[in-house]
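Note that the structure is a prediction, hence the values are computed from the model and not measured. Throughout, a chain's letter reflects where its sequence line sits, starting with A, and its residues are numbered from 1.
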There are 2 protein chains.
Amino acid sequence: MQNTKPTSKMFLDIVGELRLMIKAEGIEVGDKLPSERVLAERLQVGRSTVREALRSLELLGLIETRRGEGTFLADFKKHQLVEVLSPFIMQQTGSAKDARDTRIIHEKAAIQSICSDSRKQKLPVWKSLLMKLAEEGSVLREDIVREMIVATDNRLSLKIWFLLKQYSRVPYGKMTEVKENQIVSTLLEQLIEGHVFEALNAYERWIEEIEGEE
Amino acid sequence: MQNTKPTSKMFLDIVGELRLMIKAEGIEVGDKLPSERVLAERLQVGRSTVREALRSLELLGLIETRRGEGTFLADFKKHQLVEVLSPFIMQQTGSAKDARDTRIIHEKAAIQSICSDSRKQKLPVWKSLLMKLAEEGSVLREDIVREMIVATDNRLSLKIWFLLKQYSRVPYGKMTEVKENQIVSTLLEQLIEGHVFEALNAYERWIEEIEGEE
DNA sequence: GTTCGAAAAGTGGTCTGACCACTCATGTCT
DNA sequence: AGACATGAGTGGTCAGACCACTTTTCGAAC
């Protein structure tokens, strides 16, 4: 019986078994896993126990289940891990200031990353944003920042930033002030030139301009 | 009936409900959650459904379950999450790099924050670390970096860093090379002096020394 | 023979009820 | 007062039963 393992968590064993099975049978991303009923019989456990393990893996984004079809090995790129974890982390951490500071950390890191990128592959993005800013006189703040993070090609950072953005309700709307337009133009120009210090300087002035009293 | 929600995943809703409940009832880390049977009745779902959600959260390390006692809100120190996820993450090329890059983002941000702190309240920490390094000839790498993040007084950043640290299998153990000791000494000295550029420079050399070929 | 549609099989989603093993508080007996 | 037995409460697991959905099968109509 499985009752001889009082200490270990059954469903954790199942998770391990599944991992071994995936490897042993050469199941690739997108392939179908054995059905819950088959797994239960093969592993000699109840179906509900199998389900607890599968639901855990699903929450992690390791598998994908489609009713009526089956369970499939998922592309881990799409993990909603950060989404699930963040509410708890934010709740236990609690500080709005931390959320803001951390968001800024990622935004600054993006600027530094962009300026250090010798290949300058993302140049067209900044130039088009700069042009749009000059023509229309206004751009969504969020678009600019998001493009910066996207440009770093770090999905994890992007996810974290996206979530933090929601926790620190920043006026990410349209820009109205002429002064702000000038600052952002400077920021973009420095990004294009790859001048880290100047770009960061412009960014900090921008933050100051937006959030003002802090 | 709950059957009117064919699209959404029931157990994901439960996860959300639990989060709300935790917040509403002010459940702190270490506190006991309602029993599975109570939760099932209160949320008007079957016990097995509740369990699927709870097992998921347990795998994430957000809750801790003790047979015969109950379910408790955990401070995810027990991260079996990592053991489960690491094999999958390492397979997906992009994920591991993102985790490492993001971790370094937070570490660098900590250095910048410390150097910019005009009050220099954390000076004693660096001095004691520096002394310990000189006396014992070796310190745990992790201790140094952790102290840096702690010094920023940003608990959210600390939590994120802590999670990321586990995924990037970095030799966070003891330092052995004399050269590394010198680099870290330099880093600490520059932290004390508040020289951002020099500190970051030392940090980058450190990373290079540790991780070598990259 | 081909095509179309209904039935069947397979699968995940959920609920119920039943045990088991364990912990803890309660109360009883010595 | 202390030691021990008991019962309530809780998580762990299982079996069986539906439901909703998708895919396959297969036979009837053309």
Side-chain angles (χ1 to χ4, degrees), chain A residues 1-18 21-22 25 27 30-74 78 80 84, chain B residues 1-18 21-22 25 27 30-74 78 80 84:
Chain A
M1 297 300 177
Q2 66 287 347
N3 297 338
T4 58
K5 301 179 181 179
T7 54
S8 68
K9 302 282 185 177
M10 202 56 190
F11 85 100
L12 282 181
D13 294 346
I14 305 289
V15 169
E17 297 272 8
L18 285 174
M21 183 178 298
I22 288 171
E25 304 191 2
I27 298 176
D31 289 354
K32 189 170 174 301
L33 271 61
S35 75
E36 298 179 350
R37 290 168 177 86
V38 170
L39 284 175
E41 190 181 7
R42 194 188 300 188
L43 300 178
Q44 285 293 293
V45 296
R47 190 182 156 209
S48 41
T49 305
V50 171
R51 279 186 62 81
E52 290 181 8
L54 288 177
R55 266 352 95 216
S56 299
L57 293 179
E58 182 175 2
L59 190 67
L60 292 181
L62 294 176
I63 62 174
E64 185 183 353
T65 55
R66 296 196 285 270
R67 165 187 277 183
E69 299 183 54
T71 307
F72 304 84
L73 189 58
K78 296 187 286 185
Q80 64 254 56
V84 176
Chain B
M1 295 300 177
Q2 67 288 345
N3 297 338
T4 57
K5 299 180 181 179
T7 54
S8 68
K9 301 281 184 178
M10 203 57 188
F11 85 100
L12 283 182
D13 295 346
I14 305 287
V15 169
E17 297 274 7
L18 285 174
M21 183 177 298
I22 288 171
E25 304 191 3
I27 298 176
D31 289 354
K32 190 170 174 301
L33 271 62
S35 75
E36 297 178 351
R37 291 168 176 86
V38 171
L39 284 175
E41 190 181 6
R42 194 188 299 189
L43 300 177
Q44 285 293 291
V45 296
R47 189 181 158 211
S48 45
T49 306
V50 171
R51 279 185 62 82
E52 290 180 8
L54 288 178
R55 266 354 95 215
S56 300
L57 293 179
E58 182 174 1
L59 190 66
L60 286 180
L62 293 174
I63 62 173
E64 186 182 353
T65 308
R66 295 196 285 271
R67 164 186 277 183
E69 297 183 56
T71 306
F72 303 84
L73 187 58
K78 300 283 188 300
Q80 61 269 58
V84 177

Residue mapping more 5' on DNA chain C - nearest nucleotide basis, B:Glu69 or A:Val38: A:Val38

Position toward the 5' end of DNA chain D (nearest nucleotide), B:Thr65 or A:Arg47: B:Thr65

Beyond-backbone contact of A:Ile22 with A:Asp31, side-chain heavy atoms, under 4.5 angstrom: no

Nucleotide D:dT23, atom P - distance to CZ of A:Arg67 in whole Å: 14 Å

A:Ser48 side-chain N/O to D:dG12 phosphate OP1/OP2 under 4.0 Å: no

Phosphate contact (D:dG11 OP1 or OP2) by B:Thr71 side-chain N/O below 4.0 Å: yes

Interatomic distance, B:Phe72 CZ vs C:dC22 C1' [rounded to whole Å]: 13 Å

Salt bridge flag under 4.0 Å for residues B:Arg55 and B:Glu58: yes

Separation of atom CD in A:Glu64 from atom C1' in C:dG13, rounded to whole Å: 16 Å

B:Glu41 atom CD, neighbour heavy-atom count above 12 within 6.0 Å: no

A:Leu39 CG - C:dT11 P separation (whole Å): 10 Å

Residue A:Lys32, side-chain atoms from C-beta onward, closest of C:dT11, C:dC22, C:dC19: C:dT11

Spacing of A:Glu58 atom CD relative to C:dG13 atom C1', expressed in whole Å: 11 Å

Out of D:dC14, C:dG13, D:dT10, whichever nucleotide has its closest atom nearest the side chain of B:Arg37: D:dT10

Any A:Arg66 side-chain nitrogen or oxygen under 4.0 Å from OP1 or OP2 of C:dT11: no

B:Ile14 side chain reached by B:Leu39 side chain, heavy atoms, under 4.5 Å: no

d(CD, B:Glu36; P, C:dC22) in whole Å: 17 Å

A:Lys32 versus A:Gly70, closest heavy-atom pair with distance: CE-CA, 4.0 Å

Whole-Å distance separating the CG atom of B:Leu54 from the C1' atom of D:dT13: 15 Å

Sugar-phosphate, base or nothing in reach of A:Gly46, heavy atoms under 4.0 Å: sugar-phosphate

Nucleotide nearest B:Arg55 when distance is taken to its side chain, options D:dC14, D:dG12, C:dG13: D:dG12

Spacing between A:Arg51 atom CZ and C:dC15 atom C1', to the nearest angstrom: 11 Å

